[in-house]
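Notes follow once the structure below has been shown.
Values below: all heavy atoms of this structure, side chains included; hydrogens, waters and symmetry mates excluded. In what follows, chains are A, B, ... by sequence order, proteins preceding strands, each numbered from 1.
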Protein chains: 2
Amino acid sequence: MGPTIADVARAAGVSRSTVSYALSGKRTISDGTRRRVFEAIETLGFTANAGARALATRRTMVLGLLLRFETDEFAPAMLQYVLGITETARVNGYDVLLVTDHDGPAALRRITGSGMVDGVVLLDVLHHDPRVPVLRRAHQPGATVGLPADTEGLDVFDLDFGEAARRVVDHLTALGHREIVLISPPEQVFGRGGAYGWRFRDAAVERAALRGIRLHAHHGEADPPRIPAAVNAVLDARPGATALIVHNDATAATLPSVLAARGVSVPGDLSVVGLYSAGFARTFSLPYTFAESSPGPLGRMAVEALVHRIDPPAGTAGNAYPVTRFIAPDLIDRGSTRPAR
Amino acid sequence: MGPTIADVARAAGVSRSTVSYALSGKRTISDGTRRRVFEAIETLGFTANAGARALATRRTMVLGLLLRFETDEFAPAMLQYVLGITETARVNGYDVLLVTDHDGPAALRRITGSGMVDGVVLLDVLHHDPRVPVLRRAHQPGATVGLPADTEGLDVFDLDFGEAARRVVDHLTALGHREIVLISPPEQVFGRGGAYGWRFRDAAVERAALRGIRLHAHHGEADPPRIPAAVNAVLDARPGATALIVHNDATAATLPSVLAARGVSVPGDLSVVGLYSAGFARTFSLPYTFAESSPGPLGRMAVEALVHRIDPPAGTAGNAYPVTRFIAPDLIDRGSTRPAR
DNA sequence: CTGAAAGCGCTTACAG
DNA sequence: CTGAAAGCGCTTACAG
């Protein structure tokens, strides 16, 4: 299609290898030669063919990004991760192949087996995620955002959901709240193996027990139209609760209007704490105090780990042990909690 | 890394070309040979190397998808397009390279010049979009979602924003409304060349004039925290208005809570019509009658046009003229409008 | 400082 | 029905 390295070499009056080395800088070139090469590149509009380069170098400079769009998950929350990942990839010279196939394991086999990518980021990882064993057997390194049961061979990054729960419960306990409602992710998410759901819930329950307070955990609804009724049912069932923790994106998104319709003022009648990202809060104009879920930093860390595995920096052991790293969530105070009456 | 076609050939006791033809089905293979080949493929876990195949066939089976994430645009609305595009791409055998670079023209030059992609979809196209001339000069076909000033050489798909405006205005006029407020995209979007903004607004203004009714067009705010005050200011300034048209994703997203806080009931005090997608309405629990912006179909059409350009179906002229196609929006009645008092 | 040539792993005319 | 070989466009030891 376009000009090849041979065209450039001819135009510059040098060999193809000289053009290649001028491009890569892997050996010294005289100033005059370099100038002629780059002039030829410029006038011809040459860009090296990616397939040929990949074949020769065994590097595609592409990262795979695997997403799942379950209908009971809340898509806008995923966007924050995607942006952090594509941006970090570019900064490191990588493009991103976006894969949203319903059959994740097959898609993963396809892009790794064919060598389309130099590494893979798995998003929204389940406790027993069928993509994980496939990724482990692949010839490319893999990083996940989300904690699988077996982290063998993967670099794993996730929010410390247990710590998030403890901080949120402690924050409310310190304010004197003795009865708290928690709205967790939908039951289907737990059933499927969305471990972040029970990691947060179980830690919250345990902490509440330790503090001697009552914590009622309920699943939220997945389908937006059903959320208002579900929230109302939960609050009706727990009339003594003075605080609400929302670990459920879809519920958080619609909570302001549900509470307004119910005539509940925050924090006057109810203290509210969420768990989501600042970007999410901005998108949905959520006015609540929240534990920051840090999608940007998590995506960034996953990509950087991948990049280091693909190309270990000089002086680093290329075969360093896999890493599992948790981010401790910040609690961002927006004033939606106050001392219990 | 993994096994090559030579390994398969050796294991099956045939030549490499036979393996290749067994894979592509481009010539007849005896049953026995075919079986041995596929057994070898299976036991070795062979997948053809994408770079080598691309080099030989000049086809990568990858489509580029170019997004812009301006801070004054509302990211969740973009997701609907992305999903329609990746899904349609997969159905047609293509993967998607997601490109979110701030420097769109450079990114486009990079992925087309290097032959990483067989075609490109441009999203969120501006009136004078700097990516368009780059795409026109590329060796790969391009399709856009969104209408540029110059469509030369591109397949273009967009909502018929003029028709959308006319339908919405006529709907309200028929109900007896004589004074209407329109909230358009932010001023920055107009300034940058977001033609969908003025295409809708100008058609609405024209139609209102034709019908002899008053229509006040205002720009919405881009920054979510500023939206409530902006909406209140507009409604304060137009006390006689009985209907509101919202062509602004960020404003639509937060409108229910703003109107609730203002004590305005819909449609009792105010008739409201939006312009967005059903998926967007679901995500934000928007209860309003709306003109469907059809991101799924538009993304699908763009990909299908691209696929046909890349591989013209047998019996089709491969050099068919470029297409510019508008989708007429459906008006989905959610009961948020009623006869003017 | 530079060039000639092998090799990366496929596909596809060409031959039989 | 099948094989030997050229070619796709790069990179990189090997030589000088």
Side-chain angles (χ1 to χ4, degrees), chain A residues 1-38 40-41 44-62 110-118 139 311, chain B residues 1-38 40-41 44-62 110-118 139 311:
Chain A
M1 252 2 194
T4 72
I5 203 170
D7 298 320
V8 174
R10 202 172 309 121
V14 299
S15 70
R16 299 181 309 162
S17 54
T18 296
V19 176
S20 179
Y21 283 117
L23 244 17
S24 68
K26 287 191 182 170
R27 78 179 185 194
T28 41
I29 312 264
S30 73
D31 280 355
T33 303
R34 194 205 326 280
R35 197 163 20 77
R36 292 207 316 281
V37 167
F38 281 107
I41 286 174
L44 293 176
F46 168 78
T47 307
N49 180 277
R53 179 172 277 176
L55 190 56
T57 61
R58 309 177 136 292
R59 283 262 185 294
T60 63
M61 301 311 285
V62 174
R110 174 165 50 80
I111 68 170
T112 56
S114 65
M116 296 179 83
V117 298
D118 295 338
H139 289 114
D311 250 320
Chain B
M1 251 4 191
T4 72
I5 203 170
D7 298 321
V8 175
R10 201 172 310 118
V14 298
S15 71
R16 297 182 310 161
S17 54
T18 296
V19 175
S20 179
Y21 283 117
L23 243 19
S24 69
K26 286 189 181 170
R27 77 181 185 192
T28 43
I29 312 263
S30 73
D31 281 356
T33 302
R34 193 205 327 280
R35 197 162 22 74
R36 291 207 315 283
V37 168
F38 281 105
I41 287 175
L44 293 176
F46 167 78
T47 307
N49 180 279
R53 178 173 277 176
L55 190 56
T57 62
R58 312 176 134 293
R59 283 263 186 291
T60 63
M61 301 311 286
V62 173
R110 173 166 49 81
I111 68 169
T112 56
S114 65
M116 296 179 83
V117 298
D118 295 337
H139 288 114
D311 250 321

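The separation between B:Ile41 atom CD1 and C:dC10 atom C1' is 13 Å, rounded to whole Å. Spacing between atom CG of B:Leu55 and atom P of D:dT11 amounts to 12 Å, rounded to whole angstrom units. As a whole-Å value, the separation of B:Arg10 CZ from C:dC10 P is 12 Å. Rounded to whole Å, the distance from CZ on A:Arg36 to C1' on C:dT2 is 11 Å. In this structure, B:Arg27 places its CZ atom 11 Å from P of D:dC1, rounding to the nearest Å. Atom CD1 in B:Ile5 sits roughly 11 Å away from atom P in C:dT12 (whole-Å rounding). The NE2 atom of B:His139 sits 12 Å away from the P atom of D:dG9 (whole-angstrom rounding). Atom CZ in A:Arg16 sits roughly 13 Å away from atom C1' in C:dC8 (whole-Å rounding).
Among C:dC10, C:dT11, C:dA4, the nucleotide with an atom closest to any side-chain atom of B:Phe46 is C:dC10. Side-chain proximity of A:Thr4 to D:dG9, D:dG3, C:dG9: nearest is D:dG9. Each of C:dA13, D:dA4, D:dT11 was ranked by its minimum atom distance to the side chain of A:Thr57; first place goes to D:dT11.
Heavy-atom distances to DNA chain C give each of B:Tyr21 and B:Gly51 a nearest nucleotide, and the one nearer the 5′ end belongs to B:Gly51. Of the residues near DNA chain D, A:Val19 and B:Thr18, the one whose nearest nucleotide (by heavy atom distance) lies more toward the 5' end is B:Thr18.
For C:dC8, neither phosphate oxygen OP1 nor OP2 lies less than 4.0 angstrom from any side-chain nitrogen or oxygen of A:Arg58. The phosphate of D:dT12 (OP1 or OP2) has a side-chain N or O of A:Lys26 nearer than 4.0 angstrom. Under 4.0 angstrom from either OP1 or OP2 of D:dT2 there lies at least one side-chain N or O belonging to B:Thr33. For the OP1/OP2 pair of D:dT12 and a distance below 4.0 Å, the side-chain nitrogens and oxygens of A:Ser20 include no atom meeting the criterion. In this structure, B:Ser15 does not reach the D:dA4 phosphate: none of its side-chain N or O atoms is under 4.0 Å from OP1 or OP2.
A heavy-atom distance below 4.5 Å is not found between the side chains of A:Thr112 and A:His139. Residues B:Arg27 and B:Ser17 have side chains in contact (heavy-atom distance under 4.5 Å, counting atoms from C-beta outward).
Both distances falling under 3.5 Å, in either a Watson-Crick or a G-U wobble arrangement, place D:dG3 opposite C:dC14.
Between the CZ atom of B:Arg10 and the CG atom of B:Leu44 there is a distance of 9.5 Å, given to the nearest 0.5 Å.
In this structure a side-chain-to-backbone donor-acceptor pair under 3.5 Å is missing from B:Ser20 to B:Arg16.
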Derivation of the side-chain contact (heavy atoms from CB on, under 4.5 Å) call for B:Phe46 and B:Asp7: CA-CA 9 Å; B:Phe46 167 78; B:Asp7 298 321; over 6 Å; no
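Remark: the A:Ser17 side chain and the C:dA5 base include no donor-acceptor N/O pair separated by less than 3.5 Å.
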